[in-house]
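Each chain gets a letter, A, B and so on, in the order its sequence line appears, and its residues count up from 1.
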Amino acid sequence: MMRTHRPGEMRADHVDSTVVVCGWVANRRDHGGVICIDLRDATGSVQVVIDPAQPGLDVGHRVRTEWVLRVEGPVRLRPTGTENADMPTGLIEIGATAVDVLSESEPVPFPLDDRTDVDESLRLRHRYLDLRRVPMQRNLRLRAEVNLALRNSMAAQGFCEIETPMLIASTPEGARDFVVPSRLKPGNFYALPQSPQLFKQLLMVGGFDRYFQIARCLRDEDLRADRQFEFMQLDLEMSFADQDDVLAAVTHAVQAATAAVRPGVDIGEVPRITWHDAIDRYGSDKPDIRFGMELVDLGEVFAATNFRAFQGVGAVKGICVRGEGGASRSKVDGLVDRAKQLGAAGLVWMRVRATDAGVDVESPVTKFLSDAERSGLIAALDAAPGDLVLIAAGERVPTCQVLGQLRLDLGRPPVTEGLAFLWVVDFPLFEGLGDDGAPISAHHPFTMPHPDDLDRLESDPLSVRSQAYDLVLNGWELGSGSVRIHRPDVQQRIFSLLGITPEAAQGKFGFLLDAFKYGAPPHAGFAFGTDRIVAIFAGEENIREVIAFPKTQSGADPLTNAPSAIDERQLTELGLRVLPPKA
RNA sequence: GGUCCUGUGGUGCAGUUUGGAGUGCACGCCGCCCUGUCAAGGCGGAGGCCGCGGGUUCAAAUCCCGUCAGGACCGCCA
């Protein structure tokens with residue numbers, strides 16, 4: 001028998017039983033006549049006490065950190081005064097009667113305690129050691145809990161789990177594809193899926209009603225703290241369902257995931273905000289609603305202003321930063337620079353001060369403002385002495401976005417604080433006009449326009465709302481979905497608006513359009529990134545901390561050295577030749 | 001493609017602003033001592049391409065240029 005118990009499970013009620021435990025040496029304290037070892041496995045650690053004078057136990061002096069031991073002996077209460085209240089197993093210890101060295105270890109390249117903040121590339125090069133550390137153990141087990149809860153929730157809601165292929169046809173839309181050369185058809189390529197989007201719609205045509213998958217998605221775009229080449233999504237699609245049905249199903253899943261990792265926490269109904277309101281109030285289509293500092297419209301206050309910068313603009317908006325009125329001039333100048341860097345023409349700042357007459361503002365632009373304007377903006381922003389007011393003016397959406405970013409810079413709580421889910425609904429169907437004058441899909445070209453806006457599709461496309469929606473958590477975009485177009489005539493109108501000819505559409509998505517000829521059910525779906533939701537649950541700002549083997553920012557894996565060159569023979573087999581590097 | 005930050009014994013840092021001997025701290029490692037510690041303790045010791053290349057200088061970890069690696073961000077991510 002290899003073991004009878006696990007180190008972290010040992011408690012006082014095991015006293016007097018003889019146990020066998022296995023694990024790694026987390027720490028050793030060799031006092032000469034007595035040796036204390038903390039033996040660790042996935043469950044935690046327990047103190048093993050070795051008397052090296054006993055026969056066969058002098059090996060205790062040789063034992064080093066990260067050696068793998070099998071220890072046999074009675075569990076006993078620690079002598080009075082030597083208990084360790086900081087350890088769950090701190091009341092007891094194992095008095096070793098036999099110690100087998102199962103594996104020796106060279107000195108490890110970095111400490112495996114959780115006090116040391118080790119360089120990340122070193123951690124990744126020895127990820128198998130990093131994984132032994134408490135934070136990675138905790139994060140990956142948390143991730144497994146979330147996956148399990150999501151899967152159980154989907155199953156309980158009657159969704160059928162179906163795998164879709166990894167080797168698919170490349171479509172030029174969207175993100176850059178990873179491609180895989182075909183051996184049997186040299187010169188041709190598969191693409192790795194950016195998402196199972198088209199397949200899940202085909203599954204609806206195929207009569208599967210409710211599909212889900214925890215799917216691997218791949219996009220060859222530059223990496224970020226919240227973006228890897230490969231990432232996981234809870235992907236789902238529902239037939240005979242509308243937007244509310246999808247939102248309810250996804251809400252159920254994230255409620256279950258939250259409850260799994262935060263026992264007793266019920267996120268309740270997830271609030272909804274329209275895209276328009278999100279931009280207006282938070283300057284973002286993924287608002288972090290854990291804190292206030294909302295954007296306030298000052299258009300009325302400055303309707304008749306003599307201040308040039310506020311005249312004839314789409315919007316004048318302000319935020320009130322509580323208690324920042326004492327900010328240094330250099331900090332305030334930094335905010336102005338930041339606003340300009342974000343594309344604003346400028347940023348007006350005002351310190352709110354108490355005066356004999358009440359409250360007033362102090363700013364380089366005060367002389368351009370009337371008494372009514374100053375009191376009006378103070379009232380509109382509910383500003384109090386000691387506050388800092390920031391005002392931007394210009395085209396509505398970009399102006400809101402600049403203030404929205406400043407709001408985050410100045411007020412965003414740490415990632416570990418709070419869970420604020422939010423639905424953002426009524427996205428515009430198109431996000432703008434391309435260079436060729438044709439509108440650009442905000443979501444993807446299969447998104448159903450809002451029924452009330454359908455008749456403006458051709459006349460005023462940019463005003464058309466879509467039945468697309470995003471799920472946001474603490475200001476992170478978790479995922480998005482939409483009601484899909486299932487009618488060929490509507491799809492055709494969208495394609496022609498987008499400047500996609502019927503021939504081009506047939507070439508790119510012909511199989512989907514063909515499928516829709518044979519009785520496509522109305523359907524809608526969603527997908528959200530599980531790496532991101534797990535990272536937030538884990539209190540990590542970086543999804544690499546919740547991925548077992550992530551890539552670096554340059555897309556490399558320091559552990560396996562991917563990507564790497566391949567043999568000439570492999571290239572020949574695939575009909576490929578590598579070009580010399582650009583000079 | 002771009003902006004910014006970082007790179008110093010195995011690890012984490014200080015030293016770089018103002019050039020002057022690889023100087024320092026903590027951990028780890030090796031040896032000896034030690035019967036109750038738990039980040040054990042005491043004594044002793046080993047360990048350096050200061051990321052790499054070039055330049056300036058009598059002299060470069062330090063200044064300049066380039067480059068590589070890691071990170072944050074912009075672009076990009078239907």
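For B:rA69, the paired nucleotide is B:rU6, the pair qualifying as Watson-Crick or G-U wobble because both relevant distances are below 3.5 Å. Across every strand in view, B:rG45 sits in a pair with B:rC29 that passes the Watson-Crick or G-U test at under 3.5 angstrom.
For the segment residues 481-498 of chain A, no residue has any heavy atom less than 4.0 angstrom from an atom of RNA chain B.
For the pair A:R407 and A:F291, the cation-pi criterion (under 6.0 Å, within 45° of the ring axis) is fulfilled.
For B:rG36, the base has a donor-acceptor partner in the side chain of A:E93 [N/O atoms by modelled type, under 3.5 angstrom]. A donor-acceptor contact under 3.5 Å links the side chain of A:R224 to the base of B:rG75.
For the P atom pair drawn from B:rC27 and B:rG71, the interatomic distance equals 30 Å after rounding to whole Å. Distance noted for atom C1' between B:rC34 and B:rC43: 11 Å (whole Å). Separating the P atom of B:rC65 from that of B:rC4 is a span of 11 Å, rounded to the nearest Å. Taking atom C1' in both B:rA60 and B:rA21, the straight-line distance is 13 Å, to the nearest Å. Taking the P atoms as reference points, B:rU62 lies 16 Å from B:rU57, given to the whole Å.
Both A:D117 and A:R28 lie close to RNA chain B; mapped to their nearest nucleotides by heavy-atom distance, the more 5′-ward contact belongs to A:D117.
Minimum atom distance to the side chain of A:M87 is reached by B:rC38, of the listed B:rU35, B:rC38, B:rC29. Listed nucleotides B:rC38, B:rC29, B:rC77 differ in distance to A:R227; the shortest reach to its side chain belongs to B:rC77.
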Short heteroatom pairs, N/O only, protein and nucleotides 6-10 of chain B, under 3.5 Å:
residue	atom	partner	partner atom	Å
B:rG10	O2'	A:P109	O	2.9

Distances for protein N or O near nucleotides 41-48 of chain B N or O, under 3.5 Å:
none

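In terms of phosphate contacts, A:Q553 brings a side-chain nitrogen or oxygen within less than 4.0 Å of OP1 or OP2 of B:rA72. Distances shown here put a side-chain N or O of A:T552 below 4.0 Å from the OP1 or OP2 atom of B:rG70.
Partner of A:E237 under the side-chain hydrogen bond (donor to acceptor under 3.5 Å, both in side chains) criterion, out of A:Q213, A:Q201, A:R484, A:Q197: A:R484 alone.
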